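First the structure, in the form of structure tokens, and then the observations on it.
Every chain is numbered from 1, with letters handed out A, B, ... down the list of sequences. Computed from a predicted structure; not experimentally measured. All values below were derived from every heavy atom in this structure, side-chain atoms included, with hydrogens, water molecules and symmetry-related copies excluded.
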Amino acid sequence: MRVSVRPVYGGEARYHDPMHRYDPAAIEPKWQQVWEEQELSRASDDPEDPRPRFYALDMFPYPSGDLHLGHAEAFSGGDVIARFRWLQGYNVLHPIGWDSFGLPAENAAIKRGVHPKEWTYENIEQQAASFKRMGFSFDWTRRLHSSDPEYYRWTQWLFLKLFEMGLAYRKNAPANWCPNDQTVLANEQVINGACERCGTAVVRKDLTQWFFKITDYAQRLLDDMDTLEEWPERVITMQRNWIGRSEGATVRFTVEETGDEVEVFTTRPDTLWGVTFFVFAPEHPLVEKLAGVGGAADAARALVDRLQSTPLTNREQAESREGVPLGVHIVNPVNGERVPVFVAPYVLMEYGTGAVMGVPAHDQRDFEFAREHDLEVRVVIQPPGEERDPASMTEAHDHEGVMVRSGPFDGEPSPISIAKVSAWIEEQGLGGPAVTYRLRDWLISRQRYWGAPIPIIHCDEHGEVPVPLADLPVRLPDDVDFRPGGESPLARHDRFVKTTCPTCGRDARRDTDTMDTFVDSSWYFFRYCSPGFEDGPFRREDVERWPVSQYTGGVEHAILHLMYARFFTKALHDAGMVPFVEPFARMMNQGQVIYGGGSMSKSKGNIVEPMPLVERWGADSMRLTMLFANPFEDDIDWKLIAGDADHRPGVHHWLGRVFAAVGEAVERGGDEPTTLVRLTHRTIAGVTDDLERFRFNVAISKLMVLTNEMRTALDAGGGARGAAEALAQMLAPFAPFAAEELWREVLGHEDSVHVSRWPSFDPALAAEDTVTLVVQVDGKVRDTIEVPADTNEARVLELARASENALRAIADREIVKEIVRAPKLVNFVTR
RNA sequence: GCGAGAGUGGCGGAACCUGGCAGACGCGCCGGACUUAGGAUCCGGUGGCCGAAAGGCCGUGGGAGUUCGAAUCUCCCCUCUCGCACCA
């Protein structure tokens with residue numbers, strides 16, 4: 001089809017009635033089909049392929065219904081990167097898959113009475129169709145679903161690899177239990193004491209659970225963050241906080257009445273001489289015994305019982321410094337003093353050792369507790385710069401007679417004192433320097449159905465026996481009553497449970513828990529590199545060939561997923577399976593799509609679905625709207641961008657003008673004005689740079705400016721063919737359908753715009769031959785003069801001195817200084 | 001409390017990296033053209049104040065500093081957003 005545009009000049013309207021209007025409904029399905037047939041976005045695994053490789057990875061979606069606006073935004077951004085690199089001549093790997101195990105499938109299935117599998121795979125098909133409709137350049141031949149046996153076979157294989165390495169273990173521990181979802185949660189999935197998924201207050205429950213030993217990697221996870229220079233700073237910060245490394249010392253105290261030794265961790269060993277009381281967490285194993293000994297059993301038990309039956313959420317806000325004395329005393333090892341012992345909820349069992357020394361003079365919480373319970377507040381510290389022999393510190397507690405104060409002492413801790421005291425403690429055999437992490441081991445077992453079964457067999461004789469690799473996958477049976485009941489649904493399925501021990505052949509039971517879905521997502525990016533590989537989860541050489549160049553996804557995964565994936569990569573590196581220690585060289589986080597300042601939700605009834613808008617305005621308009629709205633990493637408020645939803649998006653309007661202008665340029669031919677040539681080249685340079693920096697909104701605005709300049713050139717009777725060609729190519733990452741239509745049908749190229757080369761920037765053509773000389777007087781602009789770009793300093797000054805506007809501003813004042821930045825600026829400073 | 005980031009028109013935002021004509025680009029709004037109509041299309045205008053205009057003055061949360069010159073660099077303050085949070 002040849003497009004022609006009827007030129008309308010001389011009147012007030014221009015391109016008034018183009019014969020070919022921009023019509024996304026006609027062009028988008030057409031090109032989608034062509035691209036698919038030609039497998040345009042397929043990555044080449046040919047080792048001889050000379051092109052540099054680029055692995056553009058998007059966080060794989062969870063199939064909860066059709067795509068939402070968040071998907072549209074995230075994948076639009078990822079696709080810009082992939083298509084841009086393609087045009088630059090890279091061999092791009094841009095895969096897609098689905099994170100298709102997980103709780104929502106079960107919950108939805110229970111609600112609707114369909115099988116989770118059915119619900120999941122129907123949604124996947126719908127999302128896949130929508131992705132194609134959006135024109136994302138995925139390599140569909142590498143598609144994967146984490147709930148396919150061909151995939152979870154290898155998830156199980158990797159579990160066994162970690163088990164073999166001693167990184168997977170089972171223990172009885174208090175776990176975060178969500179009473180609504182009836183499953184345990186990882187620490188990372190508990191947000192302010194509530195379940196991340198459903199918001200129900202989490203309670204404590206003692207259970208035997210599987211863990212991954214991520215704490216073994218705490219220091220490496222921390223250290224290697226220094227190499228992640230191209231990650232958003234806030235993600236790094238969040239991970240650093242989550243790992244929560246503290247340096248200090250452990251010190252052993254002794255309970256006077258029973259002789260029990262109790263270790264505490266402190267970041268301020270230099271304040272040991274200021275200890276005036278001692279506190280246990282309510283869950284501490286010694287509490288019950290000590291309460292009995294001290295005669296405070298009833299009061300202590302009452303407190304402990306109350307706390308244990310209270311959801312954790314309500315505990316965190318305990319503002320009061322409540323606590324109960326246990327009636328026993330503890331001996332401070334540094335000075336032999338005996339101080340009273342309490343149990344109080346402000347001490348947490350899950351951090352440090354579950355017991356703290358109370359130093360009210362140097363800790364706000366200890367201070368408040370001491371006020372509440374009439375305890376001594378004593379300021380004792382090694383003064384900075386005046387380090388005393390720690391042995392003599394026993395004398396220091398009546399220093400300056402400051403015994404009781406109205407607030408904590410705010411003296412700066414001295415690293416020298418701290419190190420000195422730590423060393424001294426070690427010398428005395430009382431403890432020693434120590435490092436504590438907030439990071440806990442990763443609890444991976446779930447008492448739910450829709451996940452990868454843990455490939456372990458429990459034998460009375462041989463304990464936890466790995467399922468032989470040849471027997472993988474341990475298939476998830478379909479005919480399971482998957483409604484939650486406080487135990488794993490698989491436990492109710494006799495044929496699944498009953499098996500024989502691989503070691504001795506006697507009757508044995510399968511483990512009935514399934515794995516956290518974050519295990520599935522911790523390695524999927526490796527599987528994309530070796531699609532269909534049958535002898536392992538992936539080939540080392542494939543992974544080596546395709547390190548992730550660019551990872552795109554939501555900042556909501558800044559801690560959970562990204563930390564787990566980093567841990568997996570390091571563990572698999574240690575297993576010799578992966579050549580590198582960090583999985584993602586470069587990260588890009590898109591913002592959320594919100595509505596009216598808050599999140600979209602069913603209950604608010606403000607959910608906007610992208611696909612109906614795509615049907616109405618086209619995928620290109622949808623993509624451009626999201627990308628042009630604001631900086632990619634900022635949240636988009638859809639209410640502000642789209643108003644009452646029914647409006648024509650501004651970018652749709654622009655695409656119409658692009659079609660008219662490009663069509664006009666083709667019809668007309670003719671010489672291109674140098675101003676347009678120059679702008680074209682400056683735009684190429686600018687857009688290229690913007691894309692490197694994810695500044696999609698700015699890049700698009702530059703394309704709009706180029707469009708406007710083309711129209712100006714055409715109006716003036718000039719040509720615009722070169723600008724039209726470059727515009728179509730630069731449009732390709734953002735609006736691939738429109739770009740393709742322009743490239744092939746309007747501009748008449750044989751091949752796809754997506755196999756053309758990104759337009760090259762010629763600095764000579766971009767260079768201005770005139771520049772605007774700004775003449776200032778005392779820093780205020782008084783005149784602007786067009787001058788040749790190569791005007792020298794003397795000439796510039798001469799021109800500036802001749803400026804009447806400048807002379808008028810100078811009036812009769814005296815010029816004391818002439819600042820010349822030829823050829824751009826002259827500033828006269830007067831007195 | 002700790003940590004990170006941000007304050008620019010009616011709105012989203014650009015210019016900040018690299019100090020030099022603030023408000024690019026788009027939305028919205030106002031006016032006009034074409035229209036039976038417009039939620040279509042096209043043209044023009046649009047930071048504030050004064051002015052018929054030319055032009056002038058003011059203007060990037062507040063205050064100081066560096067500089068001939070600051071939205072931009074430095075310091076202090078205020079406000080907001082996000083993350084973590086009784087972390088010993």
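- Atom CG of A:Leu706 and atom P of B:G26 are 12 Å apart (whole Å).
- Using P as the reference atom, B:C27 and B:G47 are 16 Å apart when rounded to the nearest Å.
- The partner of B:A53 cannot be assigned: no Watson-Crick or G-U wobble pair with both contacts below 3.5 Å exists in any strand.
- One finds no salt bridge joining A:Glu709 and A:Arg678 here, because no Lys/Arg side-chain nitrogen approaches an Asp/Glu carboxylate oxygen to under 4.0 Å.
- Between A:Gln592 and A:Glu556 the shortest side-chain heavy-atom distance falls below 4.5 Å.
- Applying the 90° criterion around 0 to the glycosidic angle, B:G32 comes out anti.
- Closest to the side chain of A:Trp242, out of B:A85, B:G39, B:C43, is B:A85.
- A:Arg657 has a side-chain polar atom (N or O) that falls below the 4.0 Å cut-off from OP1 or OP2 of B:G26.
- Rounded to an integer number of Å, the gap from CH2 of A:Trp654 to P of B:C27 is 12 Å.
- From A:Glu350, atom CD reaches atom CZ of A:Arg438 across 10.5 Å, with rounding to the nearest 0.5 Å.
- As rounded to the nearest Å, B:C84 and B:G19 have P atoms that lie 37 Å from one another.
- Taking the P atom of each, B:G59 and B:G9 are spaced 14 Å apart, rounded to whole Å.
- Checking B:C86, B:C25, B:A4 against every side-chain atom of A:Arg234, the shortest atom distance belongs to B:A4.
- Within the 4.0 Å cut-off from OP1 or OP2 of B:C27, at least one side-chain nitrogen or oxygen of A:His653 is found.
- Scanning all heavy atoms of the two residues, the minimum distance from A:Trp638 to A:Met600 falls at CB-CE, 3.9 Å.
- A:His373 is linked by a ring-ring contact (aromatic ring centres under 6.0 Å, His included) to A:Phe342, A:Phe369, counting only residues two or more places apart in sequence or in another chain.
- Residue A:Glu368 contributes atom CD, which lies 14 Å from atom C1' of B:A88 at whole-angstrom precision.
- Rounded to a whole angstrom, the distance from the P atom of B:A71 to that of B:G61 is 10 Å.
- Between A:Asp778 and A:Lys780, none of the side-chain N atoms (NZ, or NE/NH1/NH2) sits under 4.0 Å from a carboxylate O, so this pair counts as no salt bridge.
- Checking B:C75 for Watson-Crick or G-U wobble geometry (two distances, each under 3.5 Å) identifies B:G63 as its partner.
- A straight line from CZ of A:Arg782 to P of B:G55 spans 13 Å, rounded to a whole angstrom.
- If you take CD1 of A:Ile641 and P of B:C27, they are 12 Å apart, rounded to a whole angstrom.
- On the C1' atoms, B:G23 is 13 Å away from B:C11, given to the nearest whole Å.
- Judged by distance alone, the side chains of A:Glu247 and A:Thr267 never bring a donor and an acceptor atom under 3.5 Å apart.
- Between the CD atom of A:Glu322 and the C1' atom of B:C86 there is a distance of 12 Å, given to the nearest Å.
- Applying the side chain to side chain contact (heavy atoms under 4.5 Å, CB included) test between A:Glu786 and each of A:Leu773, A:Thr770, A:Val771 identifies A:Thr770 as the sole match.
- Shown here, B:A4 forms a base pair with B:U81; the pair counts as Watson-Crick or G-U wobble because both key distances fall under 3.5 Å.
- Summarising the geometry, the separation between CD on A:Glu709 and P on B:C25 is reported as 11 Å, rounded to the nearest angstrom.
- Nucleotides B:C57 and B:A70 are separated by 16 Å at their P atoms, to the nearest Å.
- The interatomic distance linking A:Leu679 (CG) with B:C25 (P) rounds to 11 Å, in whole Å.
- Taking atom C1' in both B:A6 and B:C16, the straight-line distance is 13 Å, to the nearest Å.
- Nearest to the side-chain atoms of A:Val356 among the listed nucleotides B:G12, B:A88, B:G3 stands B:A88.
- You'll find that the side chain of A:Asp634 is closest to B:G13, out of B:A88, B:G13, B:C57.
- Base pairing of B:C11: its partner is B:G26, meeting the Watson-Crick or G-U wobble criterion (both donor-acceptor distances under 3.5 Å).
- Checking A:Thr353 against A:Phe828, the closest nucleotide of RNA chain B that is more toward the 5' end is the one next to A:Phe828.
- Residue A:Arg695 holds its CZ atom at 14.5 Å from CG of A:Leu627, rounded to the nearest 0.5 Å.
- Nucleotide B:A37 forms a pair with no other nucleotide shown, judged by Watson-Crick or G-U wobble geometry with both contacts under 3.5 Å.
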| request: Heavy atoms under 4.0 Å is the rule here; annotate nucleotides 14-24 of chain B 5' to 3' with B where the base is hit, S where only the sugar-phosphate is, and - elsewhere. | output: SS-B--BB--B
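- Taking the C1' atoms as reference points, B:U35 lies 22 Å from B:G45, given to the whole Å.
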